[in-house]
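Here is the structure we will look at.
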Amino acid sequence: MPLMAELRPIEILLSEAQIQKRVAELAAEIRRDFPDDLHVIAVLKGAFIFLSDLIRHMPGHVSMDFMAVSSYAKATKTSGEVRLLKDLDTTLEGRNVVIVEDIVDTGLTLTYLQEILRARNPRSLRTACLLSKPSRRQVDVKVEYIGFTIEDRFVVGYGLDYAEQYRNLPHIAVVG
Ligand code: IMP
């Protein structure tokens, strides 16, 4: 039996309209803070839809790059071990950088990313996460832009997967 048969989206937590409105607000806030020079880094795969909507709400110059990381656990648990699967193509030296993440759960992935990116001497380094589950936090990680704070539920859609499924949903749903 494939994994995807075990858990399915059962309840819409955030509608497409709610997400779109909030993403536009976040984009405006980030653009206000960095009106000129802005370099955004999306963390693959989960953040690809969030990034693509976010940047289309940002007028002016914005450059971007992509990283891919993987925690070793493949199901609904995060192991805390992070592997760098794809590194950036360009330097961060002297740039205003915003990391774009799908969700901050334990905070371990983001802590790792912030550490390795800060070591590359950006002018500034901030983080935007669409979702945050504060009750799951294991490390105190700083996130300047948060879309929605949610309860400890496993969610899919809008880029987020369960066993590589459901990333294509336009809304965020709880699986069960
Ligand atoms: P953290 O290191 O525990 O903060 O986990 C961050 C990563 O775990 C995210 O980038 C997601 O890939 C994954 N993750 C955590 N919670 C969820 C969820 O509810 N749905 C889908 N992926 C999740």
Query - Closest non-hydrogen atom pair between A27 and L54, with its separation - result: CB-O, 3.5 Å
Query raised in the report: Is the shortest side-chain N to carboxylate O distance from R123 to E93 below 4.0 Å?
Result: no
Report summary line: Heavy-atom closest pair (Y166 atom, L7 atom, distance to 0.1 Å) is OH-O, 3.5 Å
Query raised in the report: Say you draw a straight line from CG of L130 to CG of L26; how long is it, rounded to the nearest 0.5 Å?
Result: 7.5 Å
Report task. Kindly indicate, with the supporting measurements, whether the criterion side chain to side chain contact (heavy atoms under 4.5 Å, CB included) is fulfilled by D36 and H61. Result -> CA-CA 7 Å; D36 305 315; H61 294 289; over 6 Å; no
**Report entry** Derivation and outcome, side chain to side chain contact (heavy atoms under 4.5 Å, CB included), residues Y145 and I30
**Finding:** CA-CA 8 Å; Y145 310 99; I30 295 169; 3.8 Å; yes
Query raised in the report: Say you draw a straight line from CD1 of I146 to OG1 of T127; how long is it, rounded to the nearest 0.5 Å?
Result: 9.5 Å
Query - Co-membership, hydrophobic cluster, residues V175 and I19, 4.5 Å side-chain - result: no
Query raised in the report: Do R126 and D33 come within less than 4.5 Å of each other through their side chains, counting heavy atoms only?
Result: yes
**Report entry** Test side chain to side chain contact (heavy atoms under 4.5 Å, CB included) applied to H39 and M64, step by step
**Finding:** CA-CA 5 Å; H39 186 63; M64 67 209 66; 5.6 Å; no
Report task. Please name the pair of heavy atoms, one in V97 and one in P122, separated by the smallest distance, quoted to 0.1 Å. Result -> CG2-CB, 3.8 Å
Report task. Please lay out, stage by stage, how I12 and I172 fare under the test side chain to side chain contact (heavy atoms under 4.5 Å, CB included). Result -> CA-CA 6 Å; I12 294 182; I172 303 261; over 6 Å; no
Query - D140, CG atom: more than 12 neighbouring heavy atoms under 6.0 Å - result: no
**Report entry** CG-CZ distance between L92 and R118, expressed to the nearest 0.5 angstrom
**Finding:** 12.0 Å
Query raised in the report: About how many Å separate CD1 of I103 and CG of L131, when rounded to the nearest 0.5 Å?
Result: 4.5 Å
Query raised in the report: Is any side-chain heavy atom of T106 closer than 4.5 Å to a side-chain heavy atom of V139?
Result: no
Query raised in the report: Is V43 linked to I55 within one hydrophobic cluster, defined over Ile, Leu, Val, Met, Phe, Trp and Tyr using a side-chain heavy-atom separation of less than 4.5 Å?
Result: no
Report task. Give a yes or no on whether the backbone of H171 and the side-chain of E16 come within a donor-acceptor separation of less than 3.5 Å. Result -> no
Query - Short side-chain donor-acceptor distance under 3.5 Å, S132 and R137 - result: yes
**Report entry** pair Q165-V156: side-chain heavy atoms closer than 4.5 Å
**Finding:** no
Query raised in the report: Shortest non-hydrogen contact from V98 to F34?
Result: CG2-CE1, 4.1 Å
Report summary line: dist L110:CG -> C129:SG (nearest 0.5 Å) comes out at 5.0 Å
Query raised in the report: Under 4.5 Å between side-chain heavy atoms, hopping through other hydrophobics if needed: is there a path connecting L13 to Y158?
Result: yes
Query raised in the report: Would you call L84 and Y112 a side-chain contact if the rule is heavy atoms closer than 4.5 Å?
Result: yes
**Report entry** hydrophobic_cluster_shared for I99 and V82, side chain cutoff 4.5 Å
**Finding:** yes
Query raised in the report: Within a reach of under 6.0 Å around CZ of R120, are more than 12 heavy atoms found that belong to other residues, nucleotides or ligands?
Result: yes
Requested in this report: Check whether F148 and L160 end up in the same hydrophobic cluster, where Ile, Leu, Val, Met, Phe, Trp and Tyr are linked by side-chain heavy atoms less than 4.5 Å apart.
Outcome: yes
Query raised in the report: Heavy-atom count around K86 NZ within 6.0 Å, excluding the residue itself: above 12?
Result: yes
Query - Donor-acceptor under 3.5 Å (N96 side chain, D37 main chain) - result: yes
Requested in this report: Just say parallel, tilted or perpendicular for the rings of Y162 and F154, cut-offs at 30° and 60°.
Outcome: perpendicular
Query raised in the report: Hey, are E25 and R22 close enough for a salt bridge, meaning a charged N less than 4.0 Å from a carboxylate O?
Result: yes
Query raised in the report: Sub-3.5 Å donor-acceptor pair from the side chain of Q114 to the main-chain atoms of T111, do we have one?
Result: no
Query raised in the report: Any Lys/Arg nitrogen of R56 or D53 sitting under 4.0 Å from an Asp/Glu carboxylate oxygen of the other?
Result: yes
Report summary line: Separation between CD1 (I49) and CG (D102), nearest 0.5 Å, reads 10.5 Å
Requested in this report: Work out which heavy atom in R31 is nearest to a heavy atom in G60; give both atom names and the distance.
Outcome: NH1-C, 3.7 Å
Query raised in the report: Does a donor on one side chain and an acceptor on the other come within less than 3.5 Å for D65 and T90?
Result: yes
Report summary line: Closest heavy-atom pair, P35 versus R32, reported as atoms and distance to 0.1 Å, is CD-O, 3.6 Å
